[in-house]
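Source: prediction; values computed, not measured. Chain identifiers are assigned alphabetically (A, B, ...) following the order of the sequence lines, protein sequences preceding nucleic acid strands; residue numbering begins at 1 within each chain.
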There are 2 protein chains.
Amino acid sequence: MLSIGTLSKRTGVKVPTIRYYEQVGLLAAPERTDGNQRRYGPAQLERLGFIRHARDLGFSIEAISALIDLQDHPDRSCVTANAIARTQLSDVREKIARLQRLETELARITTRCEGQGVAQNCYVLASLADHGFCETEH
Amino acid sequence: MLSIGTLSKRTGVKVPTIRYYEQVGLLAAPERTDGNQRRYGPAQLERLGFIRHARDLGFSIEAISALIDLQDHPDRSCVTANAIARTQLSDVREKIARLQRLETELARITTRCEGQGVAQNCYVLASLADHGFCETEH
DNA sequence: TGTAGGGTCTCTAGGGACTAGAGGTTCAAG
DNA sequence: CTTGAACCTCTAGTCCCTAGAGACCCTACA
């Protein structure tokens, strides 16, 4: 039986975050000691690892809830799990594409201003003021 | 003199967002009509365009405040503007790198599970449960 | 057995950047 | 002059935590 602090160290999830997950129903409420402190078993250690990993991959709490629900019903079809992961994948791809456009723009802006002039002639400021300076869409 | 709605249409910034920017001090409080409605001049139209563009590029409100401050003092050195933009650029690059690692992982997970099986054997669920399945760091 | 100190408890509030809604007022067109 | 869209303020909600206050518990050591 692990205390919340030990669970935290094992999983890398901060103590208040664990309590938060319990509050929003992502992690089941654990047993308590006579003194009202939480004590976790190995199943909950594993589950929190699952949550952590999914969060690291950017899944929302809601999506993780759905995935956990599936885990608890191993006889169900995994179409849903697949759909959730695919949605997440396309989200990630969209974000990458968008960030790459920003990167291009920012790189261009910063290389043209070496930070040696004065605000009045600053290319960074001018670029931000006028979208027409941009070479890509964003 | 533009109403808040017209300003919104011209810049693509939503009405409540414009009020929010005023509240947090990003946009100066404009003149008002006798009936207490906001009226904006061309300078504020331009400024909101600047803000919009910077937000689109992912700059924080705080960073934008600093940039606006520089705009208002055209005699100052633009070292700060340059530094802000460079920080933003490296933030964006970090995010891209991270998302690309996630993409690899998610792509792998989803291609190995076609959604035809049952949750018990689902590769998506298994991968999330056990970090050891992963091929990249994240 | 007493005590020190770190860990834990609940509760509330804050953060960033908005977004939504309620309930009331003003403006401009017809 | 009337209608109805646009505007006003204020509060609360979103997401996913994070921080703090004030009180209680647990364990190791003397």
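Side chain of B/Arg86 to main chain of A/Thr110: a donor-acceptor pair is present (N/O by atom type, distance under 3.5 Å, no hydrogens or angles). For B/Thr111 (side chain) and B/Ala107 (main-chain N/O), a donor-acceptor pair under 3.5 Å exists by modelled atom type.
When heavy atoms are screened at a 4.0 angstrom cut-off, A/Arg19 is found touching base atoms of the nucleic acid. Among the heavy atoms of the strands lying under 4.0 Å from A/Tyr21 are primed sugar atoms or P, OP1, OP2 only; no base atom is included. Contacts of A/Arg32 with the nucleic acid, taken as non-hydrogen atoms under 4.0 Å apart, involve only primed sugar atoms and P, OP1 or OP2.
Between A/Asp34 atom CG and C/dC9 atom P there is a gap of 14 Å when expressed in whole angstrom units. If you measure from atom CD of B/Gln23 to atom P of C/dG15, you get 12 Å, rounded to the nearest angstrom. Atoms CD1 (B/Ile64) and C1' (C/dG16) sit 12 Å apart, rounded to a whole Å. Summarising the geometry, the separation between CZ on B/Arg38 and P on C/dC27 is reported as 13 Å, rounded to the nearest angstrom. Note: CG (B/Leu27) to C1' (C/dA17) measures 15 Å, nearest angstrom. The interatomic distance linking B/Arg52 (CZ) with C/dC18 (P) rounds to 10 Å, in whole Å. Spacing between atom CG of B/Leu26 and atom C1' of C/dG16 amounts to 13 Å, rounded to whole angstrom units. Atom OH of A/Tyr20 and atom C1' of C/dC11 are 16 Å apart (whole Å).
Taking the 5' to 3' direction, DNA chain D first and last meets chain B under 4.0 angstrom from a heavy atom at D/dC7 to D/dT9.
Contact check, B/Thr17 against C/dT19: a side-chain N or O comes under 4.0 Å of OP1 or OP2.
Mapping A/Gln37 and B/Asn36 onto DNA chain D via the closest heavy atom, the residue that lands nearer the 5' end is B/Asn36. Along DNA chain C, the nucleotide nearest B/Thr33 and the nucleotide nearest A/Gly35 are compared for position; the residue whose nucleotide lies closer to the 5' end is A/Gly35. Comparing A/Arg39 and B/Ser60 against DNA chain C, the residue whose closest nucleotide sits nearer the 5' end is A/Arg39.
For A/Lys95 and A/Asp91, the salt-bridge test fails: no basic side-chain N is under 4.0 Å from an acidic carboxylate O. Contact check on A/Arg93 versus B/Glu103 returns a salt bridge, with a Lys/Arg side-chain nitrogen under 4.0 Å from an Asp/Glu carboxylate oxygen.
Side-chain contact between B/Glu22 and B/Pro30 is present, with heavy atoms from C-beta onward closer than 4.5 Å. Taking 4.5 Å as the limit, every side-chain heavy atom of B/Arg47 sits out of range of all side-chain heavy atoms of B/Tyr21.
Each of C/dA28, C/dC18, C/dC9 was ranked by its minimum atom distance to the side chain of A/Ile4; first place goes to C/dC9.
Nearest heavy-atom pair, A/Pro74 versus B/Val118, reported as atom, atom and distance to 0.1 Å: O-CG1, 2.9 Å.
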